[in-house]
Structures are given as structure tokens and as C-alpha cells.
Amino acid sequence: MRRLIYTALLLNTLLYTKAIDIYEEDDSVDVENGPYDIPNNIENNANVRSFRNSRILWPYPLNNKSDPIKGNEEPSSDENVLHLSKLKNGNRKARFGYWSYPQSPIVDIMMQTVASNYNPTNANDPFDFLRDSYPLPKGYNEPLNEYDYVIVGAGSSGSVLAARLTEDKPRASVLLIEAGKPEMLLSDIPALTQYLQQTDYVWPYTMEHQPGVCMGSEEQRCYAPRGKAIGGTSVTNSMFYTRGRPQDWDRIAADGNFGWSYEEVLKYYMKSERSELKKYRDQPYRGRDGELTVENVPFKTGLVEAFLAAGRMLGHPTIDYNAPDQLGFGYVQTITNRGHRLSAAKAFLHRHKGRKNLHILSEAKATKVIIDPQTKKVSGVEYIKNNIKHRVNCRREVILSAGPIGSPQLLMLSGIGPKEHLQTLGIPVVMDLKVGRTLYDHIGFPGVIFKLKSTNASLLEPKVATLPNLMQWLQFGDGLLASPGGVEAIGYLKTALSEDPELVPDIELLSMGGSITQDSGGAIRRSMRISENTYARAFHTLNGMDTWQAIPTLLYPRSKGYMELRDTSPFSHPKLYGNYLTDPKDLATLKEAVKHIIQLGESQPFKKYDATLHLPQYPTCSTYPLGSDAYWECAIRTLIVSFHEPIGTCKMGPSNDFEAVVDNNLRVYGIEGLRVADASVIPRPIGARTNVPEIMIGEKAADLIRNTWSNNV
Ligand SMILES: Cc1cc2nc3c(=O)[nH]c(=O)nc-3n(C[C@H](O)[C@H](O)[C@H](O)COP(=O)(O)OP(=O)(O)OC[C@H]3O[C@@H](n4cnc5c(N)ncnc54)[C@H](O)[C@@H]3O)c2cc1C
């Protein structure tokens, strides 16, 4: 059976796509062929070798121009977008034929393979031939002893940083150390996002037990996975493109972080972006020439129209939700290239892996930053690869982009952190800084679900996991597998409890083309670590039914957590304390959002689906009358999930901020030659999911570093 899957994938890959690993980048010629600009006449490209000889068949779409069939746009009519409710239409059926096929056991096995026992480290890894690779450039058998810069972590920030630092002439040399593996074809499929959370493409962190929250989670602990891959969390995330509000960065700048106002960071957002949103493509705040393609999803159910219409009825205009001067709801915008996940690695590293000055080491874990305790000067990094400890020296700087858990962990292991904590563990203190003492996270509540009386209105896994859908996605990058975890629209709203005087929302809504029950308690439940018992009691009656839900996220949590080392082993997971909902305002705001979603679901646009609110019987909430305030508070505490966007653990701040770890140039206080550039530096909650801000931080960090060394090359 598996052979059949591989053959199907391989055939499609060969037939419908052209490999990207087919050219080599010569140091003397600036060949920048990437997913976007491989000439159609591929055989005539001097830099292109026969793709049939290449090991990896990496099916990037050949260019990212919108095409009229796919309708890479926010549609004014439904013409250009695949629409579940239109599937009875003869043309659609002829073209895609969703309903003419039963669920495919082949695709089912494939998805299960990804989800449960799939272990890419297995020497017999059957998917290895679909994996990208980052060998050292031609002529190098092993990494050098010394580089200008050593970057730890090839995630959202680290990928763009490495690409920018190596593009200059004269060229600086960079070693990029990453604990994870290169991504693979299956991680490209947007619909498989939840499945990825159970593979070894993630660090499966769990928060420490906190009484009264995540009571419905396995072991009553909230789950907090991070990506572990070349591309970091951008390989496993949900791909939503969100920037947040201008006020986020203006307030960060006003705290004393000179250079970080909205106006100053906007150019970096725009630099990376290649907007393919037809309606909003040319807005003045949108970028057109960057590497990061931003699209609307080429598939939607009718439910998204109901959500947007309901929003308009309740005062939320349908807009580009990334517009700096408006609040409202809009079709989800994703970082995808023709329906394929576009990780930071694909966007920024893949095309440059032939650069002789960029060396990328995968499956290498940095264990310590080497710092002279007297001079406080950084000289290099220790790392372990293949169970062997190595040391690499840096001429200029080490930059930690290991993410909001990895970077503070590495700092503390290297002697930079709260003195008392390091001393308790016997780690010699190099610099006493409040590493890990600030941790804010976005949390959400996936428990407001409406049952629909109609059929074929929403996504259900048996309709998604079909071979035709896989073929459809491989060939055109659309169809049901192009749906990013089922999310179709994003809305920003300001609840009645908001005290913000400006146009700043306090809640984000994710409108789904179904709900967390759409796979009957399978991968979605497991990706959130909702316990089987909780699911069975609360949701099993919805299995196989059409549903709709909107998930609220608390954008500006007041509750503040922290993290610390578990022990001195670099392989141990740190202790993470979310302290979720410890500020009563957080719970009250989420409850207010629940009420608003109920209003949306009960409004006229959802009437045609006969939508009725499902009030789950949570084992933890049985003493409260269903639907009462006390019930919803209990429900929120039970089912709260982290949306995995911790920030602040290496907080940026001015020197008079006693919690600050890095300055406004991202330099670690008191240490020479060490910066942090990733989610951990964001000092206060922002109204965005964090991937795009991380990429912006990577862009800005590159400029900061280049400015430092510009007279020194
Ligand atoms: C399930 C999920 C869904 C999400 N969805 C969205 C979304 O839709 N939109 C959005 O904007 N954001 C989303 N996010 C958040 C966003 O993707 C992350 O905040 C962002 O990617 C973090 O970027 P980073 O550069 O800080 O870290 P990362 O991208 O996590 O990169 C850190 C890298 O460092 C590596 N590393 C760590 N320690 C070491 C070490 N010691 N040695 C070597 N390497 C190391 C890691 O393996 C990792 O590859 C999501 C997150 C998750 C987990």
C-alpha cells in the first residue's frame, strides 16, 4: 500500500512539478532562481541540470503569479474560488470530482503515517526521498573552524537573517546551526498542519501543571509545541499572515526601544512580502517584491461567507485585516505559494544553499555559547552533531535565533540568566540578567461550536483525505488539502471590556470551515492534547456532523508567565509556567468573546444552515447550569489552549528596564558579540500571530548587524 502512495506522489511530482533542487548556485554567478523565477523553458536554463538526476523532487510551484483559474484573491464573486457548496456543479465536479470518490484508504494511511508512528529519524524512512536537503556547498566536506557569524536556529528569524547576512559583497561567512531536519513534501500540505504537531518536526513541550487551567488536556497540562526543522516553527505553523496593529510597535518604541516604531518596522514587513492578494495587493503598506508570498486560500466553504456577513451585521466590515487603520473581518491570508506551505526556509534559504559563504548544519544542537568570563566576550558556540561535541569560533558575533524557548535556554546554560536560579543549578554566572522571567502567550478557547442541520456544508475528514484531493493539491495547489487547518477567515474585534482608547482589538477570531470535531477526535484533538475523556464527554455527539466554529484568541494577555531550566542538560525541556488566566480580566475578555461568537452564530446568515449552539458537558463543569456564566468560565478553564506564541523570554528594553535582556540593537546586555533575534525579544504582547513579526525581526536584525560591521569588512 505504501509503495502505491510513494508511486502516486512520485508520479505527480514528476508529471506536474519541476524540481527546485535542480540547479546549483555558482559563487561567481548570482543565480537567484527560486520557486518564483525558474524560467518556463527550464531545459534551456544553463544553471539547470536535469531534474531527473536530482535526489530530491521538491514540487514548488513554478511561479507565484496569480492565475485567473485559481483566483488567488479575495473574490468579489465566487467564480474563482473552489466552493464546497458548489461541488454539485457539473463543471467543478468534472474538474475536481470530490464527491465521486470515497475517502481514500491510501491517503488515510498516508495521514496516519505522518501522524502517529512516523519517525523521520528512522534509517528506513520511506519519505526521505521527498525531503529537502542542505548539504554544505560544493568543495566543503565539513564545516570550518571559524565563521564571521554563527547563528543558532534556522527558524522564522534565523532563516531570513542568514540569507541577508550572506548576500553582501564582500561576503561575510555564516554558519547556521539547526537541531531539526529539512522539511519534506508532506509538511507542505496545509491541511496536514495538525498532523505535524505529533511528528519529530516539533519540540513537544508541555507547560508545567497549573491548577485550574487546561483541565481537559492530557495530564491536565497545556501543550506548547515548537517547530524543529530547517525553517523552525514556520514548517509546522498554521501559515496565517498577520502583522498586528501599528500601536503594538509604537508602544514598544515608546517604552524606550528606539528604532522599533511602526513606521520603522513597516519597511521590513514590506521588504519580505510578495503580496498576491488581488484586491489588496497594491495597498501602500503591502510589499510586492519580497520572498514571502501571501495569498488567499483557493478553497472555501460557504460558511466563511456566513461568518463575514454575520460580522457585517454586527458592525465588523469585511476588510484586509492587516490594514493598519481598520478593524474588521477578512478572508484568511496565508504564507503559501500556490497552496503549498512556504516556510521561512523555502522562502529565504533554499534558493541560496549553494552560496559558498552560507553553511547550514541540520540535526546539530547548540549546547553552549562560549564566553570569556573575564572579558565577557563571545568567541564561539559548542554544538553536538552525531553525538560528537564540536566547537566553532566566530570572528564577529553569535546570534541566537533558537526561538522563545531555545534562546533563553541556551543563554542560561551559558551562564547568562537570573543569578539565584543559575547558582541553584551550579552554573557559573557570567551575567545576571532576567532571562526567562517574562513570558506572555496567546491563548484561545476552541469550545464554541455550532451544529449545522445541512449536509456538505463543512469540512469533514472523510471528504478531505482522498486521493483525488491529493492529486488536486499536487497538480494545482488547491482543493481541500490547501485549507490551512480548516481556517477560512480571521476577524479582529474590540470587546466591551477593552479599555484601550485606540483602534486596537482585544480578540482575534478564527472562523473555520468546520470545527475541532471535523476529524472525529483524531489529529486535531491530539494536536491540542485534549484528553480522550474530555473529548468523548464533550464532543463525541458531533462526530461526523457538519459544524461551524470560531475560535477566540486573547490578543493582549495580562497574565504573565516565566520559564527556567529544569536542570543543566541542554537536552532537557525547560520548565514553562504559563500562569494563564491568573489575571481575571483575561478570563472575562474571553468570556465576552464567547458571547460575541454566539451572537454571530445565531445571526441571520447562519440561519440557512440551521445552526444551533452545542453546549458540551465537560466532566469538569457538571455542577454549573449549561450556558451560564459560571459554565463558560469553567469551560474556558477546561479547554484553554496555547496558540504557541510565547514572547518576552529575552525581553528587549532600555537599560533602565530591570527585566531587559537585550537592548534595542538586540545585543545581550554586558556581553560583547552576542545578540538574540527571534520571538523571545518581543517585550509585550502584540495583536498578531508571531511568525511574520519574527521574520520582520530577522530582517531588521540583519540591518542592525550590517550597520555595526559596515566599516569593518
Ligand atoms: C502549531 C503552531 C501554529 C502557529 N501558527 C501560526 C500562524 O498561523 N501564524 C503566525 O504568524 N504564527 C504562528 N505560530 C507562531 C510562529 O510560527 C512562531 O512564533 C515563529 O515561527 C517563531 O519564530 P522564531 O524564529 O522565534 O523561532 P522558530 O521558528 O521556532 O525557530 C527556532 C529554531 O531554533 C531551533 N533550535 C532551538 N534550540 C536550538 C539549539 N539549541 N540548537 C540548534 N537549534 C535550535 C529550533 O529547532 C527551531 O528550528 C504558530 C506556532 C505553532 C507552534
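Both ligands and their constituent atoms are indexed starting at 1 by order of listing.
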Do [Y] and [X] meet the salt-bridge criterion of a basic N to acidic O distance under 4.0 Å?
{"X": "E178", "Y": "K385", "value": "no"}
{"X": "E363", "Y": "K228", "value": "no"}
{"X": "R566", "Y": "E208", "value": "yes"}
{"X": "R164", "Y": "E291", "value": "yes"}
{"X": "E645", "Y": "R226", "value": "no"}
{"X": "E183", "Y": "R341", "value": "no"}
{"X": "R286", "Y": "D320", "value": "yes"}
{"X": "K271", "Y": "E699", "value": "yes"}
{"X": "D248", "Y": "R245", "value": "no"}

Region of [X] engaging ligand 1 - heavy atom pairs below 4.0 Å:
{"X": "Y241", "value": "neither"}
{"X": "S401", "value": "backbone"}
{"X": "A364", "value": "backbone"}
{"X": "Q197", "value": "side chain"}
{"X": "P225", "value": "backbone"}

Could you go through F329 and Y321, starting from their C-alpha distance and side-chain angles, then the distance that decides it, and tell me whether this counts as ring pair (Phe, Tyr, Trp, His ring centres under 6.0 Å)?
CA-CA 6 Å; F329 295 1; Y321 58 72; 9.9 Å; no
Give me the residue, atom name and distance of the protein heavy atom closest to [atom].
{"atom": "atom 35 (C) of ligand 1", "answer": "E178 OE1, 3.2 Å"}
{"atom": "atom 42 (N) of ligand 1", "answer": "A366 N, 2.9 Å"}
{"atom": "atom 25 (O) of ligand 1", "answer": "S157 N, 3.0 Å"}
{"atom": "atom 24 (P) of ligand 1", "answer": "E694 CG, 3.9 Å"}
{"atom": "atom 20 (C) of ligand 1", "answer": "S156 OG, 3.5 Å"}
{"atom": "atom 9 (N) of ligand 1", "answer": "F240 O, 3.0 Å"}
{"atom": "atom 30 (O) of ligand 1", "answer": "T233 OG1, 2.5 Å"}
{"atom": "atom 27 (O) of ligand 1", "answer": "G403 CA, 3.5 Å"}

Numbering as shown, the atoms of ligand 1 that approach [X] to under 4.0 Å (heavy-atom distance):
{"X": "I177", "result": "43 (C), 44 (N)"}
{"X": "K365", "result": "41 (N), 42 (N)"}
{"X": "A679", "result": "26 (O)"}
{"X": "T690", "result": "10 (C), 11 (O), 12 (N), 15 (C), 16 (C), 18 (C), 19 (O)"}
{"X": "V152", "result": "40 (C), 42 (N), 43 (C)"}
{"X": "H644", "result": "1 (C), 2 (C), 15 (C), 51 (C), 52 (C), 53 (C)"}
{"X": "G227", "result": "46 (C), 47 (O), 48 (C), 49 (O)"}
{"X": "A229", "result": "49 (O)"}

Is R689 positioned over the aromatic face of F240, cation under 6.0 angstrom from the ring centre and no more than 45 degrees off axis?
no
May I ask you to check whether T242 has an N/O atom sitting below 3.5 Å from an N/O atom of ligand 1?
no
Below the 3.5 angstrom mark, is there an N/O of G406, backbone or side chain, next to an N/O of ligand 1?
no
Looking only at heavy atoms, the pair that brings A679 and P646 closest together is CB-O, 3.8 Å
Could you walk me through whether R525 and D519 pass the salt bridge (charged side-chain N to carboxylate O under 4.0 Å, His left out) test, one step at a time?
CA-CA 8 Å; R525 175 190 68 77; D519 66 347; over 6 Å; no
Name the option, out of [options], that contains the heavy atom nearest to [atom].
{"atom": "atom 14 (N) of ligand 1", "options": "R689, K385, Q194, E645", "result": "E645"}
{"atom": "atom 37 (C) of ligand 1", "options": "G232, A154, A402", "result": "A402"}
{"atom": "atom 22 (C) of ligand 1", "options": "R226, M528, K228, E363", "result": "R226"}
{"atom": "atom 6 (C) of ligand 1", "options": "I335, N237, T367, L510", "result": "N237"}

Are side-chain N/O atoms of E295 and T334 paired as donor and acceptor at under 3.5 Å?
no
Which residue in the set K368, K365, K389 passes salt bridge (Lys or Arg N to Asp or Glu O under 4.0 Å) when paired with E382?
K389
Under the rule for ring pair (Phe, Tyr, Trp, His ring centres under 6.0 Å), what residues qualify as partners of Y147, not counting sequence neighbours?
H359
